[in-house]
Amino acid sequence: MPERAQPAQEPLDGHEDAEGEALRARGEQAQRRRQGARGLEIGRELGQPDPLLRSRPVPHQGPEDRRGGGQYHRGARRRARSIHGGLAQGGPVTDMTDKQQDSGAASPDRAEENKLIAERRGKLAALRGRGGPAFPNDFRRTALAGQLHGAYGERDREWLEANPTRVSVGGRMMLKRSQGKVSFANIADRTGQIQLFLQRDAVGEEAYADFKTWDVGDIVGATGLIFRTNAGELSVRVESLRLLVKSLRPLPDKWHGLADVEMRYRQRYVDLIVNEASRNVFRTRARIVRYLRDFLDALDFLEVETPMMQPIPGGAVARPFVTHHNALDLDMYLRIAPELYLKRLVAGGFDRVYEINRNFRNEGLSTQHNPEFTMLELYLAYADYRDIMDWVEKAIRGLAETLHGSQRLTYQGREYDLSRPFRRVTVEQAILENNPDFDPLSMRDPTYLRKFCERLGIPVHPHDGPGKLQIEIFEKTAEHTLMDPTFVHAYPAEVSPLSRANDADPFLTDRFEFFLAGRELANGFSELNDPEDQAARFRAQVARKERGDEEAMYYDADYVRALEYGMPPTAGLGVGIDRLVMFFTDSPSIRDVILFPHMRPE
RNA sequence: GGGGCGUUAGCUCAGUCGGUAGAGCAUCGGACUUUUAAUCCGCUGGUCGACGGUUCGAUUCCGUCACGCCCCA
């Protein structure tokens with residue numbers, strides 16, 4: 001329901017009130033801004049209310065010529081500029097910017113300029129020549145497209161005529177249909193599109209002529225009454241309109257949209273302007289993260305943030321990115337996982353913690369791997385890996401229900417029924433199921449495993465033990481077959497240096513991985529909280545590293561020290577958020593669910 | 001790292017068995033006062049990814065490279 005979309009009995013009545021209200025609001029903003037640069041930034045981030053969410057007594061904002069030039073604006077602009085200047089003063093940031101601009105060699109932008117852009121630059125120049133700001137920021141919306149459709153979508157022409165409602169809408173012009181003395185335009189805001197209806201005789205000859213020079217892609221603001229056209233489309237009968245932003249670059253084809261995947265990833269802004277499906281992927285992504293936060297918050301988890309730059313990269317088996325801290329003259333690593341820090345927190349008494357944030361792994365790219373990706377990691381004390389599996393199952397179902405309203409969904413053309421109990425198999429079972437000729441009695445025989453690997457064409461290292469060899473076989477032959485949701489558990493200790501050993505069978509750990517659509521989505525285990533066992537496992541990793549295994553872990557003495565103070569019995573979980581989003585948005589590539597996926601520079 | 005495919009107008013795509021290229025949409029000019037990808041008329045618009053080779057002639061054939069996508073390691 002649009003707060004401001006109240007019937008305006010007398011359009012001109014209350015106009016001054018509206019103006020006064022707007023000015024008062026701006027005065028408050030100005031006051032906040034006077035508290036200094038820091039205050040302004042915080043105000044923008046946190047404090048400044050969205051004008052759309054604040055109710056005002058009258059829906060009408062008044063004609064634009066009353067809004068351009070007041071003291072408030074000049075003052076605000078001056079302050080804003082000085083803030084930018086402050087940020088840009090000296091320092092390496094400025095240097096870098098300058099360098100980038102210089103090395104840009106006669107501005108690469110110009111090179112790709114064409115007639116269409118030149119045309120629009122000409123229009124912008126004409127706009128500047130008129131005086132007044134070419135990019136004004138004093139237009140305010142009173143309604144969004146989606147609100148209007150929601151509130152008036154069911155109303156017929158007669159009702160709308162009997163209840164005149166004046167609104168101001170703003171957005172990017174997506175379609176434009178001019179036919180002589182009347183024109184239609186569709187403008188898009190974050191909630192959808194609404195049609196504008198313009199008549200020359202209603203907006204005036206000059207404004208109408210201006211409008212005709214505007215282009216699809218321009219951002220406009222319009223004020224008028226809600227009505228329904230002859231064809232029945234809910235529209236705004238424009239009384240006044242303004243060009244707010246001249247768009248210099250033409251949008252992709254209005255019908256075919258943007259198909260070039262490279263451009264969709266590199267210029268995501270264009271993709272988002274044009275492709276509703278793409279916008280929806282990222283909305284769904286946000287809903288998924290929100291769901292998980294709600295899920296964990298309801299269980300009294302504490303959300304925390306742990307270092308992204310670590311002196312010792314730990315918590316996973318992966319190659320890290322290296323960076324350098326100048327003041328400390330110290331190499332640091334972008335984290336490959338937050339695990340060891342989160343468990344320090346469990347030792348510290350935060351015995352239900354989670355973090356949703358980026359990890360960085362210096363490895364290849366694929367449809368399932370981006371160098372930076374988002375993980376949910378959580379730890380809870382007094383629980384084991386079976387409890388975690390139950391939670392994963394519950395959360396996956398809850399997500400399906402929340403996002404799709406159903407436990408049955410389709411991913412890449414295949415049906416998934418999440419309502420059935422998720423399958424649980426051990427690593428060794430999974431190997432046997434997918435390798436009929438595998439000798440079950442030789443399951444842990446290094447010589448046999450080595451030969452089997454060689455037969456499969458898996459490169460093996462001389463120091464690989466039976467556990468590592470098992471996992472190689474599992475990954476090669478079984479992983480991609482696990483389409484329906486499956487927990488694979490009982491991972492070898494050899495490849496699980498942070499997992500608790502199984503009480504009955506120390507070859508194994510109490511660890512699982514969760515597979516869906518043939519790929520790993522989550523990894524969880526009962527945590528190894530025996531400091532002496534952990535120290536021994538770290539030593540074994542260091543030995544591997546010394547033998548040339550770049551992915552082996554470092555010895556983290558402080559982490560062992562934390563365990564020596566005592567960490568309660570704990571279970572933990574890591575969930576690959578990007579892959580989860582892929583599944584629930586039916587996206588074939590991880591790049592489809594990351595706003596700015598890693599690409600080689602243009 | 002290996003293999004396959006792709007790169008042509010702003011966008012979406014054709015095409016040239018080797019003779020320097022087309023369509024739709026967009027742009028530009030014109031007509032049109034209720035359109036829905038508006039319609040109609042007219043005009044523009046290209047280093048055919050880059051470099052090299054073969055050839056009288058290469059966007060087309062060959063090679064190398066760049067970028068992208070897919071598969072494999």
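In the text below, chain A, chain B and the rest are named by the order of the sequence lines, each starting its count at 1. Worth knowing before you read on, the calculation uses all heavy atoms, side chains too, and leaves out hydrogens, waters and symmetry mates.
By the 4.0 Å N-to-carboxylate-O rule, Asp215(A) lies close enough to Lys123(A) to be salt-bridged with it. Between Asp271(A) and Arg266(A) there is no salt bridge, since no side-chain nitrogen of the basic residue lies less than 4.0 Å from a carboxylate oxygen of the acidic one. The existence of a salt bridge linking Glu494(A) and Arg444(A) is excluded, since no basic side-chain nitrogen approaches an acidic carboxylate oxygen closer than 4.0 Å. Using a 4.0 Å cut-off between charged side-chain N and carboxylate O, Glu454(A) and Lys451(A) make no salt bridge.
Closest to the Val182(A) side chain, of the nucleotides C67(B), U27(B), U34(B), is U34(B). Candidate nucleotides U44(B), A38(B), U34(B) were compared by shortest atom distance to the side chain of Lys115(A), and U44(B) ranks first. Listed nucleotides C11(B), C28(B), G45(B) differ in distance to Met263(A); the shortest reach to its side chain belongs to C11(B). Distance from the side chain of Val261(A) is smallest to G68(B) among C11(B), U44(B), G68(B). The side chain of Met599(A) has G68(B) as its nearest neighbour among U34(B), G68(B), C11(B). For Arg237(A), counting side-chain heavy atoms from C-beta on, the closest listed nucleotide (U12(B), C71(B), U34(B)) is U34(B). Distance from the side chain of Arg266(A) is smallest to C67(B) among C67(B), U35(B), C11(B). Of the listed nucleotides (U34(B), G24(B), U27(B)), U34(B) has the atom at the smallest distance from the side chain of Asn230(A). The side chain of Leu116(A) has G10(B) as its nearest neighbour among U36(B), C70(B), G10(B). Distance from the side chain of Asp253(A) is smallest for C25(B) among the nucleotides C25(B), U34(B), U35(B).
Distances shown here put every side-chain N or O of Lys254(A) at or beyond 4.0 Å from the OP1 or OP2 atom of G10(B). At least one side-chain nitrogen or oxygen of Lys476(A) sits closer than 4.0 Å to the OP1 or OP2 atom of A73(B). For U35(B), neither phosphate oxygen OP1 nor OP2 lies less than 4.0 angstrom from any side-chain nitrogen or oxygen of Arg177(A). Residue Arg600(A) places at least one side-chain N or O closer than 4.0 Å to OP1 or OP2 of G68(B).
With both ends at atom C1', the span from U39(B) to C32(B) equals 9 Å, rounded to whole Å. Rounded to whole Å, the separation between the C1' atoms of G45(B) and G29(B) comes to 15 Å. For the C1' atom pair drawn from C40(B) and U35(B), the interatomic distance equals 15 Å after rounding to whole Å.
With the nearest nucleotide of RNA chain B identified for both Arg591(A) and Ile458(A), Arg591(A) has the one nearer the 5' end.
When atom types are taken as modelled, the side chain of Arg249(A) and the backbone of Ile117(A) share no donor-acceptor pair closer than 3.5 angstrom.
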